[in-house]
Amino acid sequence: MTNHPPRYTPEQIEQRWQERWELDGLYRAKIDPARPKYYALTMLPYPSGDLHIGHWYAMTPSDARARYLRMRGYNVMYPIGFDAFGLPAENAAIQRGIHPKQWTYSNIANMRKQLRSMGAMWDWDREAVSCDPEYYKWTQWIFTQLFKHGLAYKKLSPVDWCPNCNTTLAREQVWGDDRHCERCKTPVIKKNLNQWYFRITKYADELLNFEGIDWPERVRTLQTNWIGRSAGAQVTFLSAAADPIEVFTTRPDTLWGATFMVLAPEHPLVAKLTTPAQTAAVDAYIAEVTRRTDIEREATGKDKTGVFIGAFATNPVNGAQIPIWIADYVLVTYGTGAIMAVPAHDERDFEFALKFGLPILPVIDRPDGLTKSCAPAGTMQPGFAAALRAENIACEELDGALCCTIPPSKVARYVEIAQRFVQPGKWTEVIGTRWEFIFGPQDTAVWNSQPAGQEILARCQQLDAPARSKRTLMELLWAVEFYRDALYHSEYGAMINSGDFTGTPGATAKNKVTDWLQQQGSGKTAVTYRLRDWLISRQRYWGTPIPIVYCPACGQVPVPDDQLPVQLPEDVEWKPTGESPLKLHPNWSNTTCPKCSQPAQRDTDTMDTFMCSSWYHLRYLSPKFADGPFDPREFAYWMPVDSYTGGAEHATMHLIYTRFFHKVLRDLGITSGEEPMAQLRNQGQILGPDGQRMSKSRGNVIDPDAQVRKYGADTVRAFLMFGYRWVDGGPWGTDNIEGVSRWLNRVWALATEAGPAAGTKTDADDARSLQRITHQTIKKVSDDYESYEFNTIISALMVLTNALHKLRATAGASPAWEAAVNTLLKLMAPATPHIAEELWAQRGCRTPYIRKHGRNTTQRQPPMRC
RNA sequence: GCCGAAGUGGCGGAAUUGGCAGACGCGCGCGACUCAAAAUCGCGUUCCUUCGGGAGUGAGGGUUCGAUUCCCUCCUUCGGCACCA
């Protein structure tokens, strides 16, 4: 053997091709109405300093897919940029004395280099960097647009504050049971601050509609739950002094069972309604609740606390006077901050009523028909059990008591028998679907109203000493363990004990009552959301300044368009004081009012960085455009984003904000279309080899640069596609990458080594099976790119490679062989572009770039030749 | 507690309009090449087996000629929400 073909040396070929692609501007996306467009987008990185293997995992398959679509003939735009504002820059500045700007831009320079080593087809001409003044000018402009249209407002309220990051956080940035900061894991505290909010709640209903977009079920569910729409009614109760107290309820059909009210301790009416006798207790309770942090509230569990404020309200459906309490299980931030308590059909209210001895009245029939009766020893005369048995009513003895679960059809019969057998001076009862107390023959009492319940309780207390300690009838029944599962339920069912509405079936009850309330003028249908408005003020330096000026005469004035951007000053102290660094600047905040030219002050907070990332996909369209946030011509051609990929951890943050922005801008006439991203796919996460999240402190971080040096970018790319289900991710596998490396070497050998000697006979069957597997691979690879199943793309390519290997001796001289090798290279090109390009060129193919070759299909077409 | 997703060899993972379970890769075993090793190549590799077979996709049940795939119950893991009226 004298003529050894050159070995596969990725370090020699990869950089060469990257430079050539760049030089020829191969991946510059230009508007071309003749071709179908495809906007492929992957979530922009934060310039933390080093490209992480996680970036590779997220971006490589996206890039491969974009390259695939390009080969299919689409005009593909695949842009990249940096989400460059944010806390890490400032923290690095504090720790190392580097200016956040310098830190950020040098990181960006480094990451650009690293990103290029991936061999991705990014259009660097479209790069956008969110901390560039030309970028944040338009972030500010969008803010002023929202302000002018009443969608941005300032409000003093208790907000979540991270004591480590020294700034406020949006609600969705507070995570976990201990309510910690999403970024640094420090538990948050509450502060009362005057802050800017965006009215995202105005778009709640629209954000619930995912029609026409192809997003993962999981993200849609997360967003739906986060928005948390509940439909019901708002009902007005009146205090003795006729103050209206509004409550929100999803169960207007239970109004007749509202036996008390609960207001949030912070409810504005509390001070006014509290009677003098209760003032001290109420003040003490409020003080205690305010002192407690949310975490302590959580720690105290669900044990209900509360206090009676001395006042009563009138239930609008029956005029009943019901006591008003305050309790911290009612949240001032949800609904109206006040509830009607229906203890018989709401678990929390039930618990509260039981604890504080408040009355309970069942008003909804049990749909499951569960009916129970329990007669302690000595309650019934002998023969009772036998009489029941004769009726086929099954009972069991529990601690001497005769406990029966009565079939619905036998309830009436049971009552008759019990009447006959109850001992004089004793009683028994039937509960569940019926609430009837049996004192003797011809002597039963039905619990169908609050007063009736009181009377029954009084009778029982006369007969039975232990009952005298019970404050309510329900408390008496709760003492019987056997009854517990039948005393409370929250199902829909026929209305009972509800005046004229008694008997209304569960299916229609809610609507009938709501309609009636509306006629009476004491209620209306209402919808409440869990979603809160988006708090965007941050008390940090490295962010977009809020373009608002406070004028003593004119109030809040947005900075006019021609004065944007409000530049971030560079000469600041960024010590973490808890105040905005911009506030401490000697003169930055001093300005003049854009309206009246009198001295005025700038807002010294900066914006949540999620604002920057809510519209970056629009800036990519035309990052240098000066007459607006983007060039409308580019928008018209490229939008919406056809495929958006990134982590699912952004489901309730970035991915909801960006939809909100899009809809706002649409309503302002700036954009069009319902949604910004037509299709979304989430990738999973790469963990350390130990199965733990990669982190420097654990020492399990995989450095992509080192892997590229060792194996080459193509191997790393193909391994990341091959080793995992993309949606799942998993631990970095140190072993599997060797297999991918071997595969590329085998491909190299196949394409470069001399074939069988001239004149070697071809086995027709083998040539045919080579052709068959070639076409099967084309189909498999195409289908799997469409469905983001990247691991099976690589395995299909390996299968084809193995077949080539095996059939070389017998089919290596056939046309099918040449077609198969060329097809393999083309099918590999999206995943492993450098080696494919190199071998393509080495084979003397006339088309200069493999990617220019048209689509591969399974449709009949001549064997591909280069 | 509520909602959602997922459980397949020693490992990563294939296969679902219901049709040969374990593709592809790792690892492992045997062999070739080599003085030797690495690399490479070839063969084998779900488990049990008395070598005839038998069992097998988290567990149990059901539908079916046939179930990893569909239905019911349960278990485990992960993610989200959690006093949201």
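In what follows, every heavy atom counts, from backbone to side chain, and hydrogens, waters and symmetry copies are set aside. Reminder, nothing fancy here: chain letters follow the sequence lines and each chain counts from 1.
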Under a 3.5 Å limit on both distances, the Watson-Crick or wobble mate of B:U63 is none
* To do: Report yes if some heavy atom in the side chain of A:Tyr8 is under 4.5 Å from a heavy atom in the side chain of A:Val747; otherwise report no.
  => no
With a 6.0 Å cut-off on ring centres, are A:Tyr529 and A:Trp226 close enough? no
Which of B:C81, B:A85, B:G80 is nearest the side chain of A:Leu222? It is B:G80
- Message: For B:G12 and A:Tyr724 - does any side-chain N or O of the residue sit under 4.0 Å from the phosphate oxygens OP1/OP2?
- Response: no
Whole-Å distance, A:Met340 CE to B:C83 P, equals 20 Å
B:A36 to B:U50 separation - P atoms, rounded to the nearest Å: 37 Å
Taking only N and O in the side chain of A:Arg746, is any of them less than 4.0 Å away from OP1 or OP2 of B:U40? no
Suppose you measure atom C1' in B:A21 against the same atom in B:G9; what distance do you get, rounded to whole Å? 11 Å
A:Ile656 CD1 to B:G80 C1', in whole Å, measures 13 Å
Suppose you measure atom C1' in B:C35 against the same atom in B:G53; what distance do you get, rounded to whole Å? 47 Å
Separation of B:A14 atom P from A:Asp784 atom CG, nearest Å, is 10 Å
Assigned chi class of B:G18 under the 90° convention is anti
Between CZ of A:Phe719 and C1' of B:C26 the distance, given in whole Å, is 10 Å
A:Trp726 atom CH2 is separated from B:G12 atom C1', nearest whole Å, by 18 Å
| task | Decide yes or no on salt bridge (Lys or Arg N to Asp or Glu O under 4.0 Å) for A:Asp766 and A:Lys806, but give the supporting numbers first. | result | CA-CA 10 Å; A:Asp766 284 355; A:Lys806 199 163 277 176; over 6 Å; no
| request: Assign A:Gly730 to base, sugar-phosphate, or nothing according to its heavy-atom contacts below 4.0 angstrom with the strands shown. | output: nothing
Re B:U57: Watson-Crick or G-U wobble partner, both distances kept under 3.5 Å, found to be none
Under 4.0 Å between any heavy atoms, over every strand shown, what does A:Gly729 touch: base, sugar-phosphate, or nothing? Just pick one.
sugar-phosphate
ask   = What integer number of Å spans the C1' atoms of B:C70 and B:G19?
value = 15 Å
Taken to the nearest whole Å, CD/A:Gln776 to P/B:C24 is 13 Å
Using Watson-Crick geometry (N1-N3 plus N6-O4 or O6-N4) or G-U wobble (N1-O2, O6-N3), each under 3.5 Å, B:G31 is paired with B:C41
Testing B:A15, B:A23, B:A85 for proximity to the side chain of A:Val799, the answer is B:A23
Less than 3.5 Å apart, any donor N or O on the side chain of A:Tyr197 or A:Ser157 sitting next to an acceptor on the other?
yes
Paired to B:G4 by Watson-Crick or G-U wobble criteria (both distances under 3.5 Å) is B:C78
Distance, P atom - from B:C74 to B:C28, rounded to whole angstrom: 44 Å
Side-chain N or O of A:Arg742 less than 4.0 angstrom from OP1 or OP2 on B:C24? no
Picking from B:G80, B:C3, B:A15, the nucleotide nearest the side-chain atoms of A:Thr221 would be B:C3
Of A:Thr652 and A:Arg725, the one whose closest nucleotide on RNA chain B sits nearer the 5' end is A:Arg725
Original post:
For A:Asn791, which contact category applies under a 4.0 Å heavy-atom criterion: base, sugar-phosphate, or nothing?
Top reply: sugar-phosphate
Closest of B:C83, B:G25, B:C24 to the A:Ser795 side chain is B:C24
* Rounded P spacing from B:C78 to B:G27 in Å -> 30 Å
When rounded to whole Å, the OH to C1' distance for the pair A:Tyr329 and B:A85 reads 8 Å
Between A:Val821 and A:Ala751, the two heavy atoms sitting closest are CG1-CB, 4.5 Å
Looking only at B:C83, B:A15, B:U8, the nucleotide nearest the A:Thr792 side chain is B:A15
With the side chain defined as heavy atoms from C-beta on, A:His805 is closest, among B:C41, B:A85, B:C26, to B:C41
A:Phe248 CZ to B:C83 P, in whole Å, measures 17 Å
| query | Looking only at atom C1', what distance separates B:C30 and B:A67, rounded to whole Å? | reply | 37 Å
**Sugar-phosphate only, base, or nothing, as touched by A:Arg530 at under 4.0 Å among non-hydrogen atoms** = base
Base, sugar-phosphate, or nothing: which does A:Trp743 touch, judged by heavy atoms less than 4.0 Å apart? nothing
task: Scan side-chain atoms only and decide if A:Asp349 and A:Tyr329 contain a donor-acceptor pair under the 3.5 Å cut-off.
output: yes
Worksheet item: Looking across every strand, which nucleic acid part, if any, lies under 4.0 Å from A:Ser230 by heavy atom: base, sugar-phosphate, or nothing?
Response: sugar-phosphate
Is a salt bridge present between A:Lys355 and A:Asp303, judged by a nitrogen-to-oxygen distance below 4.0 Å? yes
message = For the P atoms, the ones on B:C20 and on B:U34, what distance do you get once it is rounded to whole angstrom?
response = 45 Å
**Study point:** Sugar-phosphate, base or nothing in reach of A:Asp728, heavy atoms under 4.0 Å
**Key:** nothing
Using Watson-Crick geometry (N1-N3 plus N6-O4 or O6-N4) or G-U wobble (N1-O2, O6-N3), each under 3.5 Å, B:C24 is paired with B:G12
Between the CH2 atom in A:Trp726 and the CD1 atom in A:Ile793, the distance rounded to the nearest 0.5 Å is 11.0 Å
Quick note, A:Glu789 side chain, CB onward, closest among B:C41, B:C24, B:A15 is B:A15
Among side-chain atoms of A:Tyr334 and A:Thr528, is any donor-acceptor pair under 3.5 angstrom? no
Syn within 90° of 0, anti beyond: B:G9 is syn
**Prompt:** Looking for any heavy atom pair under 4.0 Å, which part of the strands does A:Arg532 touch: base, sugar-phosphate only, or nothing?
**Reply:** base
Closest to the 5' end of RNA chain B, once A:Thr528 and A:Ala796 are matched to their nearest nucleotides, is A:Ala796
